[in-house]
Amino acid sequence: MRDATDAGVQDVALPRRRRALLTEFVSARGQATVTELAEQFHVSTDTVRRDLDWLATEGLLARTYGGAVVLSGLTTSDTGFSDRAELNQDAKRMIAQAAVDLIGDGETVLLNGGRRRSPSPAR
């Protein structure tokens, strides 16, 4: 991996070249902060933020609060509810029963509209 001094500061100032080097830098480390990148490439944090936003839009990395991470290893799709509902049924029933056992007579439990309500044993 090259750094900004290897490429020459003037060369790094060119957006296309700088973005390629930013992508290489983040890929090599797995993640990087805006401040770290600004220091590494001798540009302002605003320039780095704009570059990271552009790179994220192009699908070359994932933007995070204060920096960026590589896309590999990130979940890119969600598993459907019906698929997840079928997983770990025994464990879910045991958790639900343990929760029910904690509820005393005359106590009320309010559940939100999330899908994690089932299965819940009747009491």
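A distance of 9.5 Å separates CZ in Arg17 from CZ in Phe41, rounded to the nearest 0.5 Å. Atom CZ of residue Arg29 and atom CD of residue Gln31 lie 10.0 Å apart, to the nearest 0.5 angstrom. With rounding to the nearest 0.5 Å, the separation of OG1 in Thr45 from CZ in Arg50 is 9.0 Å. Put simply, OG1 on Thr33 and CG on Leu52 are 9.5 Å apart, with the number rounded to the nearest 0.5 Å. Rounded to the nearest 0.5 Å, atoms CG (Leu37) and CZ (Arg18) are 11.0 Å apart. Here the CZ-CG distance, from Arg16 to Leu21, works out to 13.0 Å after rounding to the nearest 0.5 Å.
Arg63 places a side-chain N or O within donor-acceptor distance of the main-chain N or O of Gly67, the cut-off being under 3.5 Å. Between the side chain of Lys92 and the backbone N or O of Glu86, no donor-acceptor pair lies under 3.5 Å. For Glu58 (side chain) and Leu55 (main-chain N/O), no donor-acceptor pair under 3.5 Å exists by modelled atom type. Remark: side-chain polar atoms of Glu39 are not paired, donor with acceptor, to backbone N or O of Glu36 under 3.5 angstrom. With hydrogens and angles disregarded, a donor-acceptor distance shorter than 3.5 Å links the side chain of Ser27 to the backbone of Thr23.
Closest non-hydrogen pair, Ala68 versus Val26, comes out as O-CG1, 4.0 Å. What you find for Gly59 and Leu71 is that their closest heavy atoms are O-CD1, 2.8 Å.
No path of Ile, Leu, Val, Met, Phe, Trp and Tyr side chains, each step under 4.5 Å between heavy atoms, connects Met94 with Val100, placing them in separate hydrophobic clusters.
Under the side-chain contact (heavy atoms from CB on, under 4.5 Å) criterion, Asp90 pairs with Arg93, sequence neighbours left out.
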